[in-house]
Number of protein chains: 2
Amino acid sequence: MSISSRFAVGIHILALIDLNKETASSSEFIAGSVNTNAAVIRKIMGMLKKAGLIDVQPGVAGAKLSRELSEITLFDIYKAVNVVEENELFSIHDKPHPDCVVGKNIQNTIEPIFMAAQSAMEKVLQNLTLEDIVKDIEAKEHIK
Amino acid sequence: MSISSRFAVGIHILALIDLNKETASSSEFIAGSVNTNAAVIRKIMGMLKKAGLIDVQPGVAGAKLSRELSEITLFDIYKAVNVVEENELFSIHDKPHPDCVVGKNIQNTIEPIFMAAQSAMEKVLQNLTLEDIVKDIEAKEHIK
DNA sequence: ATTACTTGTAACCGAAACAATTACATCATG
DNA sequence: CATGATGTAATTGTTTCGGTTACAAGTAAT
């Protein structure tokens, strides 16, 4: 199992829109950079739009970020592209036997632990913004 | 996407083996408590055995924990049942276009972030043991 | 040693998620 | 109106998951 690459692609899309802001980034152009089909990009951009991260208009090429780079966290993108449901990173077997000491209590015991583990992971994403990403890409570019 | 319930079931199995240690816990018995098929339990127990967490003998009913409750972390179980590969909790789209500033650098920029997020989640699991689970189950049982 | 019960596996199935692809309706603009 | 863009639905192949059946091989008691 693995978290969908929609998340990585979402980050890619937003970074590209910013770094290429002089010219319009059409879905076709972005698809070339990501190396996938334009329809895949449009679907993900639809999610980003719905989440209020970008502004796109039907028929008109390109998109713009709705907020400052520093105001878009990786967690915002993560939620936008819908890769992990709230408190459902870990799945729990359902209907354990209620007449068993373990079966009766295991879900209530495990749930808060799974939630804590998921939260720890998501907190890392909350503390990073697109600005961090873009600056890192620029830094790596200058080294070469 | 969601992390396989093998992890939750693995915890269930080990807790049950301990809490039921007066009598042998056959795969059939455990399957009843988990509410699944005995073959599923045997497959997961095979993984737990391979990881050195339990001792099982072909033909003889029941299993025993190989270590003390406090010496088995949730992370040990998590690794044993093979639900998430090393540094692959998040998947990254491959072959982004090398002639693009973003495509060229995005993987190197994102990878350490994804690793950090995964590590934060796994650290929570490392800090909890089967003893915590069993004690919590017992506590919940006494309230009722 | 025969019987009964167990573990260990392999094979197969249906359901769900992913990413890719094709197709087309809709919209904007020169 | 012609061109080129977005929006979206339908389809496909692949993979993973959990469940199920079947059976070989081991153990233990009689």
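Proteins come first, then strands; the chains are lettered A, B, ... in the order of their sequence lines, and each starts at number 1.
- Salt-bridge formation is not detected for the pair B:K79/B:E85: no Lys NZ or Arg NE/NH1/NH2 atom is positioned less than 4.0 Å from an Asp or Glu carboxylate oxygen.
- When DNA chain C is scanned 5' to 3' for any atom under 4.0 Å from a heavy atom of chain B, the first and last hits are C:dT6 to C:dC18.
- Nearest to the side-chain atoms of B:N37 among the listed nucleotides D:dA22, D:dG18, D:dT21 stands D:dT21.
- Phosphate proximity of D:dG18 to B:S4: present, with a side-chain N or O under 4.0 Å from OP1 or OP2.
- A donor-acceptor pair shorter than 3.5 Å cannot be found between the side chains of A:Q126 and A:E122.
- A straight line from CD of B:E28 to P of D:dT21 spans 12 Å, rounded to a whole angstrom.
- Nearest-nucleotide positions on DNA chain C place B:V60 closer to the 5' end than the other of A:N35 and B:V60.
- For A:P58, taking side-chain heavy atoms from C-beta onward, the closest of the listed nucleotides D:dG7, D:dT8, D:dT20 is D:dG7.
- Considering every non-hydrogen atom in both B:P96 and A:N35, the closest pair reads CA-CB, 4.2 Å.
- The distance between atom CG of B:N82 and atom P of D:dT15, rounded to the nearest whole Å, is 17 Å.
- A:A61 comes within 4.0 angstrom of the backbone, heavy atoms only, and of no base.
- For B:S33 and B:H12, the side-chain atoms include at least one donor-acceptor pair closer than 3.5 Å.
- Taking atom CD1 of residue A:I13 and atom P of nucleotide D:dT6, one finds them 11 Å apart after rounding to whole Å.
- Between the side chain of B:R6 and the backbone N or O of B:V81, at least one donor-acceptor pair lies under 3.5 Å.
- Distances shown here put a side-chain N or O of B:T36 below 4.0 Å from the OP1 or OP2 atom of D:dG19.
- Take the nearest nucleotide of DNA chain C for A:Q57 and for A:R42: the residue whose nucleotide is more 5' is A:R42.
- B:K49 comes within contact range of the sugar-phosphate backbone alone, with a heavy-atom separation under 4.0 Å but no base atom that close.
- Checking A:N108, A:N105, A:T109 one by one against B:D136, the side chain to side chain donor-acceptor pair (under 3.5 Å) holds for a single residue, A:T109.
- Side-chain nitrogen and oxygen atoms of B:S5 include at least one within less than 4.0 Å of the OP1 or OP2 phosphate oxygen of D:dG18.
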